[in-house]
Amino acid sequence: METGAEMSNSENELRVRFAPSPTGALHIGGARTALYNWLAARHSFGKLVLRIEDTDLDRSTAENVGQIIDALEWLELDWDEGPLSQVARAPEHTKALEKLLESGAAYRDAATADDVKAYKAEHGNDRGYRGEQSADGSGAVRLRVPDDGDTVVKDLIHGEVRFPNRSFDDFVIARGDGSVLYNFAVAVDDADMGITEVIRGDDHLSNTPKQLLVLEALGHEPPRYAHVPLLHGPDGKKLSKRHGAASVQELRDAGYLPAAIRNYVALLGWGPGDDETLLDTNELVNRFRPEDVGKSSAVFDEKKLRWMNGRYMRELDLEIYTATVARFLGRDVDSELTEACRISQEKASTLAEVWPLIRFVFEEPAEDEKAWRKIMKNDAGAALAEVREALSGLDEFTTETVEAVVEPIPERLDLKPGKVYQPIRVSITGTTVSPGIFESLAVLGKPRSLERIDAAMARIEAAPPQTPDS
RNA sequence: GCCGCUAUCGUCCAGGGGUCUAGGACGCCGGAUUCUCAGUCCGGAAACCGGGGUUCGAAUCCCCGUAGCGGUACCA
């Protein structure tokens, strides 16, 4: 069925578009639609057009447009044409509108909403409204919809979806003032821009027959359609701001990597066919086909994203990992940060989790009364004294040398390893959680390590935490 | 109301008439790694929405129901 359309289209090139309406930040659902379009374009060496659907409703703002572009850039999804503004195309829309008015495919109708209601009350509510040209040529512009037959959407994902024409109103395609409405503008733009494949959210499936009707009235071949299911929050409802990190900027601030987000989001509604889940962007491009997208809506699950993000973080080269952490923290890369990053890499799943692990290298130990009371009791003081003694004799202060002198201490003191290591940890970090204790000491360095252990011993002596025993 | 879409473990993705005692991943539970946390490894629990058909045989095909979602705007 598409042969004609493909032939008439220059060089059979795939042309897709991402057409967000700038009514807020780009959220994860929009990001997925953008990704799918991008993957389809890159897969077929086609073109991706970015079109801003701003057919004004005072909700579209320049700031929102900026946010969307920011989000796309951060996700590293580039486009080949645009951003194009839909309002800027008003002259083309008007031209198309006049064409339909002249041919009689559309007409001006002064009917009000109540008139439409009344019509349906009389003719049955499975019957679309049919109006007539107003005498004075005033009113909104409506498209004439045939009473007979069906309009069929041939969808790559849903197959053929059939809509009875009589169920549609002669719908409004332009306001009384001549400004055009969404379903008209989209159809005209997609045709003018030579879009060959429309990949968009499921919520547009019911709009598609209207766009098809417009295209037909204008004498244009329709593009192919792929309506991908919507994303939902954990409560099963359509995703919105209420669902935690729903927007791309929130995901960025939460410390997720663009590559991980791309991988995770691609898998919401689509699978490669085998059981692979870790697919880098190249594999995504190679394997993604819109027709393989599933039909049912998916739930965004941050836990799985977090796991996947950890996998991506651990795979980064130390230099890249450090640079990424530095950018996230707003710090400069130096050898100390690099070392701190090295010992934290296998323990963090998001960029936001890195700082709590390495904070002690850059700041004084944290105040954590609970940790202190829990750990610094009984033999802690004695253990620290022994550790301090061993450490102070070291010339070279590395993970290996530290380990060599500290590791034998538990046995020598007849203590469980934890009874020695945890007091060290609380001394140098203030908390009970840190990277491995030997590398933590090594990164902190000898002077500061001894200083902190001394301080801890002094504090214990001054006010020993009382405890029974154990 | 009307016109559509959807329905496999808690979540994501497989399986599309027999090979399904339904597979993989996240999460969860248990064990290992005798320094915390994390990571890693091993093991486990966990699903075909309900009812009718069709068929020798249905998670898979059809119908009905139910639930969720979308559209029904001079919104996008």
Side-chain angles (χ1 to χ4, degrees), chain A residues 19-23 53-57 59-60 86 109 111-113 116 120 124-129 139-142 153 155 157-158 161-164 166-169 171-183 185-186 201-210 227 229-230 232 234 236-238 264 267-278 294-308 310-311 314 344-349 353 356-357 371 375 406-407 410 416-426 429 431-438 440:
Chain A
S21 58
T23 54
E53 222 95 300
D54 54 359
T55 355
D56 228 352
L57 74 159
R59 297 190 290 166
S60 358
Q86 196 162 53
D109 180 14
T112 63
V116 173
K120 293 195 185 193
N125 58 188
D126 62 333
R127 220 268 111 117
Y129 168 77
V141 180
R142 289 181 184 274
V153 178
D155 193 272
I157 294 168
H158 294 275
V161 185
R162 200 166 279 278
F163 297 83
R166 61 172 277 130
S167 71
F168 291 113
D169 292 338
F171 55 97
V172 176
I173 56 177
R175 301 180 177 93
D177 66 7
S179 61
V180 298
L181 261 28
Y182 174 74
N183 281 127
V186 176
D202 234 351
D203 49 341
H204 288 286
L205 184 54
S206 310
N207 285 324
T208 307
K210 296 181 187 173
H227 286 97
L230 261 19
H232 293 253
K237 299 252 175 65
K238 198 175 165 181
Y264 174 72
L267 260 22
L268 254 23
W270 173 83
D274 52 27
D275 284 330
E276 296 298 323
T277 56
L278 261 3
K295 297 177 182 175
S296 53
S297 56
V299 173
F300 172 68
D301 175 20
E302 195 171 346
K303 290 247 184 67
K304 189 164 184 176
L305 205 212
R306 188 176 169 282
W307 162 79
M308 194 174 278
R311 297 289 300 245
R314 272 167 246 129
S344 74
Q345 187 168 12
E346 67 171 29
K347 309 176 88 69
S349 288
E353 287 167 29
L357 286 169
I375 302 300
V406 174
E407 197 268 339
K416 286 195 192 146
K419 294 291 180 195
V420 175
Y421 298 149
Q422 282 300 76
I424 304 176
R425 187 154 5 238
V426 170
T429 72
T431 68
T432 57
V433 176
S434 83
I437 198 63
F438 308 125
S440 291

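Chain letters run A, B, ... following the sequence lines, proteins first and then strands; every chain starts at 1.
- For the C1' atom pair drawn from B:U11 and B:C74, the interatomic distance equals 42 Å after rounding to whole Å.
- The same atom, C1', is picked in B:A22 and in B:C9; the two are 10 Å apart, to the nearest Å.
- Across B:C74, B:A7, B:G4, the shortest atom-to-atom separation from the side chain of A:L181 is found for B:C74.
- Among B:C12, B:C5, B:C75, the nucleotide with an atom closest to any side-chain atom of A:V299 is B:C12.
- With a cut-off of 3.5 Å on both Watson-Crick or G-U wobble distances, the partner of B:C9 is given as none.
- In this structure, A:E276 and A:A19 both approach RNA chain B, and ranking their closest nucleotides by distance from the 5' end singles out A:E276.
- Salt bridge A:D169/A:K120: present, at least one basic N to carboxylate O contact under 4.0 Å.
- Ranking B:C13, B:G24, B:G71 by closeness to the A:N207 side chain, first place goes to B:G71.
- When each of B:C12, B:A76, B:C74 is scored by its nearest atom to the side-chain atoms of A:Q86, the top-ranked nucleotide is B:A76.
- No N or O donor and acceptor, one from the side chain of A:D203 and one from the base of B:A76, sit under 3.5 Å apart.
- Comparing B:G4, B:C3, B:C74 against the side chain of A:L205 picks out B:G4 as the nearest.
- Between B:C5, B:C3, B:U72, one nucleotide has an atom nearer to the side chain of A:P164 than all others, and that is B:C3.
- The P atoms of B:G4 and B:C75 are separated by 25 Å, rounded to the nearest whole Å.
- Residues A:R314 and A:S349 form a side-chain contact, since some pair of their non-hydrogen atoms from C-beta on lies under 4.5 Å apart.
- Between A:Y421 and A:K416, every side-chain heavy-atom pair lies at or beyond the 4.5 Å cut-off.
- For a distance-only test at 3.5 Å, the side chain of A:S206 qualifies as a donor-acceptor partner of the base of B:G70.
- The base of B:G23 is paired with the side chain of A:D275 by a donor and an acceptor separated by under 3.5 Å.
- Separating the C1' atom of B:U55 from that of B:G17 is a span of 9 Å, rounded to the nearest Å.
- Across every strand in view, B:G70 sits in a pair with B:C3 that passes the Watson-Crick or G-U test at under 3.5 angstrom.
- Between the P atoms of B:A7 and B:C29, the separation comes to 31 Å (whole Å).
- In this structure, A:D126 reaches the sugar-phosphate backbone alone: every heavy-atom distance under 4.0 Å involves primed, P, OP1 or OP2 atoms, never a base.
- Taking the nucleotide of RNA chain B with the nearest heavy atom to each of A:V161 and A:V116, the more 5' of the two is matched to A:V161.
- Across B:C12, B:C26, B:C69, the shortest atom-to-atom separation from the side chain of A:L230 is found for B:C69.
- Put simply, the side chain of A:H227 never gets that close to the backbone of A:H158: no donor and acceptor are under 3.5 Å apart.
- Applying the side-chain contact (heavy atoms from CB on, under 4.5 Å) test between A:D54 and each of A:P20, A:S21, A:P22 identifies A:P22 as the sole match.
- When only modelled atom types and interatomic distance are considered, A:T429 and A:R425 share no side-chain donor-acceptor pair under 3.5 Å.
- Remark: A:Y264 OH to A:E302 CD distance equals 9.0 Å, nearest 0.5 Å.
- Going from the C1' atom of B:C42 to that of B:A47 covers 24 Å, rounded to whole Å.
- Going from the P atom of B:U8 to that of B:C49 covers 6 Å, rounded to whole Å.
- Taking the C1' atom of each, B:C62 and B:U54 are spaced 7 Å apart, rounded to whole Å.
- Atom OG1 of A:T208 is separated from atom CZ of A:F163 by 7.0 Å, given to the nearest 0.5 angstrom.
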Protein proximity profile, nucleotides 35-44 of chain B - base contact B, sugar-phosphate-only contact S, no contact -, cut-off 4.0 Å on heavy atoms: BBBBSS----

